[in-house]
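Hydrogens, waters and symmetry mates play no part in the numbers below; they use all other heavy atoms, side chains included.
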Amino acid sequence: MPECETPLWPCAMTGAAACLAGFEGISVVIHGSSGCYYYPATLLHAPLHGTFILENEVVFGSGDRLREVIGDLSGKGGRIAVITTCVPSVLGEDIKSMLDGTDVILVDSPGFAGELETGYRAALAALAPAVDPERTGVNIDGISLSDPFYEGNVQEVSRLLHRAGIPVGTVFCRDWYEMAGHAAPLTMGTNDDFASGVGKYLGGTLGIPALRATFENLSTAYEGADADPVLAELDVQEERVIHACDKYLRRYDPPGVAVFAGTAYALFAASTLKRYLDAEILAVGTRNDPLAAPAGQYQVEKLTGLEQVARKIAEVAPDLVIGSSFERSVSGDRTFVGIIPPLRGRVRLAHPPLAGTGGTLHFIEDVLNACMDKKT
C-alpha cells in the first residue's frame, strides 16, 4: 500500500469487518489492539468483538487471549470469524494453529494488506459463497456497511425488483450467513467496488442509463420477469430530473465539479452531473484503483492523501465539490455534497439510496439544493 500523509480510506481489516458483520449469524472478532477494534466499530455501527491485546500479549503471544474471547462466544449460536490486524501479523504469529480444533472462519487481513475493498474481498472469499441453481430471485450485490447509503440501496433495489415481479435472492453483504451458500443464479449490483462475483451479473443500478440496461437484461434472463413497470418508472422520473435541471440552468451556469469518492460512486456522480446539468467535470479523484472512465470526458486519478486532494481542489478551482468531510475541510466556501464516509456534522436517520431511481433523484436533489443555497 503506497505511503501517504493523512490517508483517507479505511484499511483491509476494516473492509473484512464490513463484509463479515453484514451477515447475521456471524460473530466477528477483531484480533488486535483497542484502536483496531474501535475504528471499524465506530465506522460500521455493527456489533463487533475484540481481543484488545496489550504489551504482555505482544511479548509473550496472543494465543491465550484469542482463545479466551472465542471461548466466551462459543455456544451462543452462529459462526465465529476472526480478522487479524497488523500487530499479530507483523509478529508472525501462527493464528491458524491457535484456532486448531475450533469451527472458526479466519480472515488474514491486516491493515497493510491493502485498502477497504481488498479486505472485503478476502472476507467474502473466506465465506466461500455459492450459487444454488434452485434458488429463485436475483441477488443484490455491492452492499458494504462502510457505505452510508447501503441501507437505502438495499431498500431501493428490492423495491424495483418487486415491481418487476421478482423476489430478492441473497444480499451481498447484508443477509443471513446461511444465504451466502444459497445465492440465486442472477445478480445485479449497487456498487461495483464491492462486487462479489457470485452469479451471472446483469448490470449495475447506479444511474438511470445503467438501470435501464440492467432491467432490459433482466427481462430476457429471468423467466416471468415483467420489467415494463420499472422501465416506465425510469422514463417518468428521468423527465422529472431533466425538468428540474433545465429550470436550474435557465437561472445559473453549469457548475464546474471536482468529485472524490470510491471509483463506482465517483463515476456515477460525474456522469450524472454531466448528463443532466451539463457540468464541467474538472477532476475525478478515487480512493481506490480507478476503473476505466468514459473516453474523452474526464481523467480519473487515485488520490489517497488529504494534501493531494487539497492541491487538486486549489488547482482546478471547482464551484462544487463532491466527497466526504475530508474534502469539505479543504474546500473553503465552495458548494459541497457528501457521498462517502466520513460525513460528519449531520444527523442521519433516514436511509436515502444512491442506487436505483431513488438514488439519482436523491443525488440530483442534494446537488441542486446545495448549489441554489450557495447562490442565495
Side-chain angles (χ1 to χ4, degrees), residues 18 22 42-46 140-163 168 171-175 188-194 204-212 214-215 230 233-234 236-245 248 255 257 259-273 275-277 279 287 320-328 335-374:
T42 301
L43 176 68
L44 306 178
H45 304 288
I140 299 176
D141 206 16
I143 301 300
S144 169
L145 299 191
S146 62
D147 178 0
F149 297 96
Y150 85 85
E151 290 180 284
N153 286 349
V154 174
Q155 294 171 4
E156 171 68 0
V157 178
S158 298
R159 180 187 71 83
L160 293 173
L161 283 171
H162 286 304
R163 287 212 71 186
V168 175
V171 179
F172 290 100
C173 294
R174 191 58 171 163
D175 213 317
M188 62 175 55
T190 62
N191 185 337
D192 285 346
D193 291 346
F194 300 102
T205 56
L206 286 173
I208 290 176
L211 273 165
R212 189 172 284 117
T214 297
F215 274 86
V230 175
E233 175 184 319
L234 295 179
V236 171
Q237 298 304 332
E238 187 167 39
E239 282 300 317
R240 294 184 65 210
V241 172
I242 291 170
H243 176 76
C245 290
Y248 175 88
V257 183
V259 181
F260 305 91
T263 299
Y265 277 6
L267 294 180
F268 158 72
S271 61
T272 299
L273 294 177
R275 180 182 180 90
Y276 300 115
L277 269 182
R287 300 287 202 256
L320 169 65
V321 175
I322 308 290
S324 73
S325 294
F326 292 129
E327 279 75 25
R328 186 171 196 169
T335 305
F336 171 81
V337 171
I339 63 171
I340 56 167
L343 295 175
R344 299 177 180 137
R346 296 182 63 189
V347 176
R348 295 179 59 88
L349 298 177
H351 305 304
L354 272 190
T357 321
T360 296
L361 295 177
H362 169 74
F363 177 65
I364 288 294
E365 180 182 276
D366 269 5
V367 167
L368 292 179
N369 285 327
C371 288
M372 289 188 294
D373 286 346
K374 182 64 69 173

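Annotation: the span from D193 atom CG to T190 atom OG1 amounts to 10.0 Å, rounded to 0.5 Å. Interatomic distance, N153 CG to T205 OG1, rounded to the nearest 0.5 Å: 6.5 Å. Going from atom CD1 of I208 over to atom CD1 of I242 covers 8.0 Å, rounded to the nearest 0.5 Å. To the nearest 0.5 angstrom, D147 atom CG is 3.5 Å from Y265 atom OH.
Judged by the 6.0 Å distance and 45° axis criteria, R328 is not positioned over the aromatic ring of F260.
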* Asked: For V257 and L277, what are the C-alpha separation, side-chain angles and deciding distance, and is it a side chain to side chain contact (heavy atoms under 4.5 Å, CB included)?
  -> CA-CA 11 Å; V257 183; L277 269 182; over 6 Å; no
* Show your reasoning for whether side chain to side chain contact (heavy atoms under 4.5 Å, CB included) applies to T357 and R159. => CA-CA 10 Å; T357 321; R159 180 187 71 83; 4.1 Å; yes
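In this structure R240 satisfies the side-chain hydrogen bond (donor to acceptor under 3.5 Å, both in side chains) test together with Q237, sequence neighbours excluded. Here R344 pairs with S325, F326, P342 under the side chain to side chain contact (heavy atoms under 4.5 Å, CB included) rule; sequence neighbours left out. Not a single side-chain hydrogen bond (donor to acceptor under 3.5 Å, both in side chains) links T272 to another residue, sequence neighbours left out. Listed by chain and residue number, H351 satisfy the side-chain hydrogen bond (donor to acceptor under 3.5 Å, both in side chains) test with E151 (two or more places apart in sequence, or in another chain). Scored by the salt bridge (charged side-chain N to carboxylate O under 4.0 Å, His left out) test, R174 finds no partners at all (sequence neighbours excluded). Partners of A370 under the side chain to side chain contact (heavy atoms under 4.5 Å, CB included) rule, at least two apart in sequence or in another chain, are T335, V337. Not counting sequence neighbours, the partners of V168 by the side chain to side chain contact (heavy atoms under 4.5 Å, CB included) test are I140, S158, L161, H162, V171. Every ring pair (Phe, Tyr, Trp, His ring centres under 6.0 Å) that Y248 has, sequence neighbours left out, goes to Y252. Considering only residues two or more places apart in sequence or on other chains, F268 meets the ring pair (Phe, Tyr, Trp, His ring centres under 6.0 Å) condition with F363. Qualifying side-chain hydrogen bond (donor to acceptor under 3.5 Å, both in side chains) partners for D141, counting only residues two or more places apart in sequence or in other chains: S196. For P209, the side chain to side chain contact (heavy atoms under 4.5 Å, CB included) partners at least two apart in sequence or on another chain are R275, Y276.
Between the side chain of E327 and the backbone N or O of I322 there is no donor-acceptor pair closer than 3.5 Å. Checked by atom type and distance alone, the side chain of E156 never pairs as donor or acceptor with a backbone atom of G356 at under 3.5 Å. A donor-acceptor pair is defined here as one N or O able to donate and one able to accept, closer than 3.5 Å; no such pair exists between the side chain of D192 and the backbone of A264.
When all heavy atoms are compared, the tightest approach of L43 to P341 is CD1-CB, 4.1 Å. Considering all non-hydrogen atoms of both residues, I340 and G262 come closest at CG2-N, 4.1 Å. A pairwise comparison of heavy atoms in S144 and S146 identifies OG-OG, 2.6 Å as the closest pair. The minimum heavy-atom distance between I339 and F149, with the atom names listed, is O-CE1, 3.3 Å. Heavy atoms only, all atoms of each residue included: P148 and L343 are closest at CG-CD1, 4.0 Å. Residues A269 and V259 approach most closely at CB-CG1, 4.0 Å, considering heavy atoms.
For R346, the CZ atom counts as loosely surrounded, since its 6.0 Å shell holds 12 or fewer non-hydrogen atoms of other residues, nucleotides or ligands.
Screening L234, L211, T214 against L160 for a side chain to side chain contact (heavy atoms under 4.5 Å, CB included) leaves a single residue, L211.
Listed by first and then second residue, the side-chain hydrogen bond (donor to acceptor under 3.5 Å, both in side chains) pairs that reach into residues 358-370 are H362-D366, sequence neighbours excluded.
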